[in-house]
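Working notes, beginning with the structure itself.
Sequence lines set the chain letters: A, B, ... in the order given, protein chains first and strands last, and positions in each chain run from 1. Values below: every heavy atom of this structure, side chains too, minus hydrogens, waters and symmetry copies.
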Amino acid sequence: GSGKKESKGEKGASEEIKDLVTYEVPQREMENVFVLNTEMAADLNVLCNTNEGFLETNPKGQLVAGIAKEWGTEDNGLTWTFKMRDDVKWVDQQGNEKADMVADDFVTALEWILNAHKNDAGNNTSMPISMIKGAKEYREYTKSLSADEALKLDKSKFLEMVGIETPDDYTVVYHCIAETPYFDTVAVCACLYPISQGFIDEVGVENVKSVGIDKLWYNGPYILTEFIQGNTKTLTKNESYWDKDCKLFDTVTIKLVEDVTVGYSLYDTGEIDTIDLAEANLRAIYEDENNQYHDYLTEKLPNKFSYQMKFNYAKKNEDGSDDTNWNTAIANEAFRQSIYYGLDLTKTYERANMINPLSCENTAYTMKGLVYFSDGTDYVDRVEELIELPESNGKKMRRLDKEKAEELKKQAIEELSAKGVKFPVEMDYYIPAGSQLALDSATVLQENFAECLGDDYIKLNIGTYVSSLTQEVIDPSLQSVVMNGWGADYGDVQNFLGQETYGEETAYYSMNYTNINDATDPELIATWKEFTDLVNKANAITGDLDERYEAYAQAEAYMLKHAMTIPYNLEISWQLSKINDYSVSHAIYGMQNAKYKNWETSVDAYTTEDYEKFAEEFNK
Amino acid sequence: MGENEKKDDLFRFVEYSAEKAERTGYSDYSYWKSVFQNFLKKKSAVVMAIVFFALVIFSFIALHIGKYDYAALKTNSAMAFQSPNGEYWFGTDNLGRDYWCQVWYAAQTSIKLALIVALGECVLGVIIGCIWGYIRSLDRILTEVYNIINNVPVIIYMTLIALLVGQSFTIMCISLIGFGWLTMARNVRNLVMMYRDREYNLASRCLGTPIWRVLVKNILPYLISIIILRLALSIPSTIALESTLSYLGLGLGIDTPSLGILLRNARNYFLEHPYLLIFPAVIVSLITVTFYLVGNAFSDAADPRNHV
Amino acid sequence: MQEKEKLIELKDLQITFGTGKKKFVAVDHVNFDIYKGETFALVGESGSGKTTIGRAITRINPVSAGEILFKGRRISGKISKELDLEVIKKCQMIFQDPQASLNERAKVDYIISEGLINHHLYKDEKDRYNKVQNALREVGLLPEFASRFPHEFSGGQRQRIGIARALIMEPEFVVADEPISALDVSIRAQVLNLLNELKKTKGLTYLFIAHDLSVVRFISDRIAVIHKGRIVELAEAEELFLHPLHPYTKALLSAVPIPDPEREKNKELIVYDPSIHDYSVDQPVWEEILPGHFVYGNQKELEGYRREIEK
Amino acid sequence: MFKYTIKRLLQSVVTVLIVVTIVFLLMRMLPTDYFFTEDQLMKFTPEQKEEQLQAAGLLDPMPKQLVRYYGQLLKFDFGESRRIQNGVDVVSVIGDKFTISMKLGCTALVISLFVGILIGIIQTLNKDRILDHVGTAYTIFVNAVPSLVSYSLVLAFGSKVLGLPSLYSTRNPSETSILPIVCLSLASIASYALWTRRYMVDELNKDYIKLARVKGTSSAGIMIKHVFKNAFVPLAQYVPASFLYTIGGSLLVERFFSVPGMGPLLTDAIVRYDVNVVQTLVVLYAVLGTLGVFLGDILMMLLDPRIKLTGKGGTR
Amino acid sequence: MTKEPILSAKDVEIQFSLRGRKLTAIRRCSLDLYEGETLAIVGESGSGKSVFTKSFLGMLDSNGSITHGSIMYDGKDLAKYKKEKDWRTIRGKKISMVMQDPMTSLNPLKKVGKQIQESIELNQGIKGAEAKKMALEMLEKVGIPFPEKRYNQYPHEFSGGMRQRVVIAIAAACHPDILICDEPTTALDVTIQAQILNLIRDLQKELKMTVIYITHDLGVVANVADRVAVMYAGQIVEYGTVNEIFYDAWHPYTWALLSSLPQLGVKGEPLPTIEGTPPNLFNKIQGDAFAPRNKKALAIDFEEEPPFFEITPTHKAKTWYLDPRAPKIEQPEAIKRLRASMEGRG
Ligand SMILES: Nc1ncnc2c1ncn2[C@@H]1O[C@H](COP(=O)(O)OP(=O)(O)OP(=O)(O)O)[C@@H](O)[C@H]1O
Ligand SMILES: Nc1ncnc2c1ncn2[C@@H]1O[C@H](COP(=O)(O)OP(=O)(O)OP(=O)(O)O)[C@@H](O)[C@H]1O
Ligand SMILES: [Mg+2]
Ligand SMILES: [Mg+2]
């Protein structure tokens, strides 16, 4: 009613939340409380509040100073220097100051990560090993030691071998293997986070892995005061936090909720402060003008994953033989392009975002917001330009071109029939068993294919796996296609495109999902090699970042034009929330997105209008 | 006076008929006929049995008369969550698919599963239970086997089976039977032990009757009523177990919807759209109540002590 | 008496139940012979081991010591399949409780022909049918009863079905384990008559087990009195009634109810007190005190019994 | 008695050992890739994987692994959790959870015993009258309605109408436990009522009740002094086991109300291949199972003087 | 026997409803019970002995009810009693009962002594230690050695005969006016039976009870009874003093019953038997219920129910044989023999 509108007018005066209550689903329950030993987002979302590295990210995703007051490189990224504040303290769970934070803490931490016996699961090793001088060698060295020896190592050997030094107590210098202009973006990842030697000594080296929250040392804005596995985590404000001026909650409580439907009723009763809306709730609220939450629906910002349809170019049948039909078909460029231009995913997008489905369209391979040209242009905008993507008309997907698709389809049928491909081409797609959500989406996708491309052309088959996609599907190479989202590890396009290159072991998707290296079609391989050359060319440019990004953009455009992989979607859902998402840190890489620092909140939930205003301001 | 006269001439001996004496009072009797008659006397059970058969038959008819074919269901988010109406008799689900044909199709699957499992459990359970109960020397070892299998949570087996073997209707049937027979066997064993040393079994031993015939003829008939009851109760519990397993992702394959799966899904929507829950729930409840009542009634009826 | 054919011989029979601490000797040092064509009665109080002996003969209870001979062949312990089959055919049993000894869920037809079916003792279905009909007629039941269930019958009729079941095997020897104890008085006579008649027509030999001496007197030729697993006295029926020697026999006799109010009111109950026997020094023996009259006692007691006889 | 107890306990140990061995072998039948998280599977090279498996001892020959495991068991060393709470001692992972499950479960059990038996008694007293039918109807209803549905109804009713909190919280356990306890009790109330009624009716038909009536005992006296105790005996056998089983928690209920208990732990642990947790849970369940039966037998023996424990053990 | 009866049942009809059908277990049956006497009711199984006597204490199964007639006791009509509360004024203190099966008549989970004590506390207004003392006395009285020890034992530790003694102790501990013993010895063997019979007789004398003794064993009747009532198919067909029944019975059923006793049989000759089965009580019975099984039935037996004919003031029989119009009929051999032996003796 109108009463609500009035209260909206006074929003500015509305009170902020002191004790935030938010939620998590059981699949994303924390497993590990020691920040160096985990790479799981579920853990880091919590730990980014209790631990802090050199830098932070702002709502736009840019790096800003944190513990490091200044940082930079003078040699195109071969050596990086971080100058720290001198007023940062380590505290224990009761908030008692335990030690000052010094440069050595970063050495201790890196040593921990690289020491094969301290960090036996190998978490957080990949970036240091690929970037920092001597890291790989040191890890190999520790492997050769017995567990006892390795645990007892002091840092002298480490400092000798690895490219890290501390000229003074508050300066850390890293030496990279090659020119790494983006090395600073790694500083927001757990692999460059510090840990105090004092802490290790206090708990004992062998107990660090299984340390409890009561023994941890904290240097972040919050202290983890409660962790009841399967139920609650409570973060309490760290009174000794260095950033005295920032805005923090007194406490943040993260409750575990069976699913968002249950969460919705909790929001309804005021037990939690924000909730993502599941399909049914969203629909019910949206379609009913009188629903009390009708005006409070707010669209979230995209999460940081760029989802792609990744084809398998060396697919196998269940019996282990090659699926020649599929492999031949997918090697055909016209076939792939017909999917690119012809497949209308609007209905799929509606599943998550029925109000504004087209906002979920993903246009490129790299995630928007990863890097910017020096003029402020987003890298992805440049890619869109290069592939001549039409502007959105708000009615259909931007890349969609029915006529072109039709032509390509004809061409593909012609070319493939000649090679003996049988139509419809069967396309195997796997989802987790027991997940109705996945099944529903897959069903819709299946119909999208049938409707847009005709089920005499491509037929999507839905299969299931029980526990592990990798184990049950990817390893035996059973899938035709996987929809996978990549989240950046650090702030460079290489991190995205590098996963798709040909013939390189570090290319994750090529090695595991697309199996391009096992493909036989010469034309296909040629395309990939071409793309790989383009990427490598860009990699080599380290001095001028604009130039570097432009080269990447060329490579990415090539990839998209040849439909080597097809952008699928962005996850943008709707919520009811008392949190202003635009005030929340939004890095595409790093672990700071759930850092409850400087969040704007309102005890009265935000309205759609409020959010529109925020968005406008944000995008300025 | 004539009355009295008539009486007078009745004061004479009549011939004694031994046959007549033997026959007095007893009528012809057929066991199964009496079972059936007794069963028919339980109105509620009969009604429920009829309802159940109607349900089964109707599930076939329903799929035919429904406006949508299960195999050709199309998603259409614009039609999602339509409450029951003339077009969609049971409304539509979250993807705008006709719920009517899903419910009936699922009902068929569930009933089929439950019946097969119940029967399988029963056959396996009875056979093993009989042997277990009758042959003393096997008691120890079978009890130990029972303890061992019973002490490992079923979830472990089901997960491992799903992981190692896969998921399908057949696998589900086999694995549910594989664990379900235990309780049945245990039950049968206890009963068999009760009847094992009855005097009529001694009589059979005196006559050299082989064990299997003693079991089949002398002991099993006494267990019939309890077996039937257990059989009847295992049907709803199978449906319940299936839905729990589905809830955990260990249920049937995705291409076979069951009432359990429908229920699981409906849970997410039932506050806004109760009909999604109500239809499958009502069918499950109907099946349960039917088998509960019919099982009870039948086991009563099968007991000849209750035959007049 | 010597020339009579011995059908069953029990030699030093001992039967125990359980093992170790729970070992319980139910029957101990039992010796007697049963002659062909006689009715041999075994009386004693509840739990004295009567049934156990009967069951040992029909091979239901294993024997722990001693042996049982049937027509001179050992039938206790491990025996050949053929002999086992023969024992099954030749030695049958009638049970105490007609309620419990018939399978309520089987038709009379099956119950009676069970033995036939087990050993295929019939030519064809028709033959079996005829045999069942005959058996029913023999025990005085109507052939049409074959298609009925046991619970439709009265106790006496049921007991007759049990008898028919045993008789269809054409046994020579029948253990009748308290066949009338569970029956109504008015039906007891039927069964006793039937047993007597069958003995005559078929030349059967009975081991008749009972606790009621009055019944036993009516039906049996010789009587053995058993107490706590031991036979204490054995004699011809009338002899035992006229000259009971062992105090336990006397007690048993005194307890028999007499359907005559005058006598019953004046009768004196003798209570048996086992502690009167002092077997610590003087070991008891099983002695034939008169021809055919055995009694169990030590020398001192036997002396007393002899004096009693002389009186 | 003492000897018997020892014998039974030894026997149980053997059972538990066999169970544990079976589960151990079953778990090893799973491909070793389950050892890794999806993330790790993505990132690790085959050498890395092998290295880790080697370190965890999963590549050793099976007998060696088994022997090592037995050795650990002997020392009551159950190892660390890998995934549920990385690096934390399994015993402490389970420890907190089972107290919560047990608290909820025992409360629910006590309530259902009390209410269920009360209903059963009321039904017996009103046999074949309206209250009896109402009770039976409740039993049928609870069994007929799938538990997912009834829990949803409880949740909806409890939170919407009564305004009860719908998530369990350790900070406010009393209020937040209400709904889970109600759900836990629903079915067991029905079954206790059913069995109480069944046993009491059976008991009422016994001859000694007639004798008690003949000597002039009142109906209430009969119920209290004779029927109830006797009817409770067959029920009592299962009570210790029921109490012990509450430690296992209820998967559905605990998931439903986010109770941090044992219920979902086993499935979680299996799906995440947290082998130590799975095995420890199996040991726990097996011990509880055998112990439950054993205690049941002891209780029966205490209640029923006719029962003397013999070597045969709890199988009547 | 010119005393007033202490309990007088008139034309009692008892019906059971069984699956919608009516079963008439007692068909217009009358009985007078005099103070201090022992009445034995004999009859074949199912003839209604238990049902009839149970109706005196309102112990009929819930599906049965008295549909006709009256049972006068102490000036009140017990047939009209409906409420449990009314019955409690009768049960125990006034009328008590010993049931057939000693194995199941005791609560298996209660100490034997307590069960007796309960009976004392309920009916004699004595509580606690004193009641316990009386219970111990009672145990001793029924011939159980070491009462102190036995008091604390459970029924399963007693043998059948001892349990039956306990049951009797419980019933007698109520000090009832009337004690109904419903086949108290059927389950026991003869030696024990004889002891139990003596016990009941002794107790009766000591406590001055009137005893109704139900049995189908005529030997037992001869032992205990002053008066005998013979029941057949829900009716008393003959009653008289014990001597009258044994030495001069007139009803053909009584004859058959006596003749079939093996004690009276002649070795080598078949015993007389009662062939056939008793009538189905669901059906209406026409004429004399025993007629179909009576080898010398009269035609009228199948037509009309006979009235009671008085033979002596204490002896009546319900048979047409006593009708003056009936053909002359001899009493069977067995009865003659019994009478002869009695006369010979005395
Ligand atoms: N299977 C058995 N296991 C252990 N003890 C047994 C077994 N069968 C019989 N007994 C015991 O052996 C003894 C003799 O039993 P048996 O049945 O032979 O007595 P009975 O003379 O037939 O008694 P009744 O007159 O009660 O039938 C009894 O004390 C009985 O408890
Ligand atoms: N609760 C009941 N329901 C139906 N019929 C009953 C019931 N109780 C007794 N009867 C019937 O009443 C008749 C008389 O039974 P009652 O128990 O009095 O016989 P009885 O003379 O005591 O026999 P017995 O000597 O076997 O104890 C029987 O036919 C019996 O079937
Ligand atoms: Mg016996
Ligand atoms: Mg009776």
Tell me whether the count of non-hydrogen atoms from other residues, nucleotides or ligands lying under 6.0 Å of OH in Tyr238(D) goes above 12. no
Toward chain E, the part of Ile209(D) with a non-hydrogen atom under 4.5 Å: neither
Which bit of Lys206(D) comes within less than 4.5 Å of chain E, counting heavy atoms only: side chain, backbone, both or neither? neither
For Leu10(D), look at atom CG and say whether over 12 heavy atoms of other residues, nucleotides or ligands are found less than 6.0 Å away. yes
Heavy-atom count check: over 12 atoms from other residues, nucleotides or ligands less than 6.0 Å from Lys229(D) NZ? yes
Using non-hydrogen atoms only, which part of Asn123(E) is less than 4.5 Å away from chain D: side chain, backbone, both, or neither? side chain
Honestly, the part of Leu106(E) sitting under 4.5 Å from a heavy atom of chain D is both
Nearest 0.5 Å, please: how far is CG in Asn107(E) from OH in Tyr208(D)? 4.5 Å
Please check if atom CD in Glu84(E) has more than 12 non-hydrogen atoms from other residues, nucleotides or ligands closer than 6.0 Å. yes
Evaluate side chain to side chain contact (heavy atoms under 4.5 Å, CB included) for Asp304(D) paired with Leu109(E), printing each intermediate quantity in order. CA-CA 6 Å; Asp304(D) 188 341; Leu109(E) 304 187; 3.2 Å; yes
Is there side-chain contact between Lys110(E) and Lys225(D), with at least one heavy-atom pair below 4.5 Å? yes
Steps toward side chain to side chain contact (heavy atoms under 4.5 Å, CB included) verdict (Met97(E), Lys210(D)): CA-CA 9 Å; Met97(E) 188 163 182; Lys210(D) 291 191 191 133; over 6 Å; no
Which atoms of Ile180(E) are under 4.5 Å from chain D, going by heavy atoms: the side chain, the backbone, both sets, or neither? neither
A quick test of your reading: do over 12 heavy atoms of other residues, nucleotides or ligands sit less than 6.0 Å from NZ of Lys127(E)? yes
Closest-packed option against chain D by number of heavy-atom pairs under 4.5 Å, given Ser105(E), Ser119(E), Ala171(E): Ser105(E)
For Glu118(E) and His226(D), run side chain to side chain contact (heavy atoms under 4.5 Å, CB included): C-alpha distance rounded to whole Å, both residues' side-chain angles, the deciding distance at 0.1 Å, then the answer. CA-CA 11 Å; Glu118(E) 192 186 321; His226(D) 297 278; 3.2 Å; yes
Is it the case that the side chain of Lys215(D) and the backbone of Gln115(E) share a donor-acceptor pair, with hydrogens and angles ignored and the cut-off at 3.5 Å? yes
Check: Arg91(E) and Val214(D) side chains under 4.5 Å, non-hydrogen atoms: no
Should we count CZ of Phe141(D) as having more than 12 external heavy atoms under 6.0 Å? no
Top contributor to chain D interface from Ser96(E), Ala173(E), Pro108(E) [non-hydrogen pairs under 4.5 Å]: Pro108(E)
Any side-chain heavy-atom pair from Arg88(E) and Arg213(D) closer than 4.5 angstrom? no
How long is the span from the CG atom in Leu211(D) to the CE atom in Met59(E), to the nearest 0.5 Å? 8.5 Å
Do His156(E) and Pro305(D) have side chains that approach each other closer than 4.5 Å (heavy atoms only, starting at C-beta)? yes
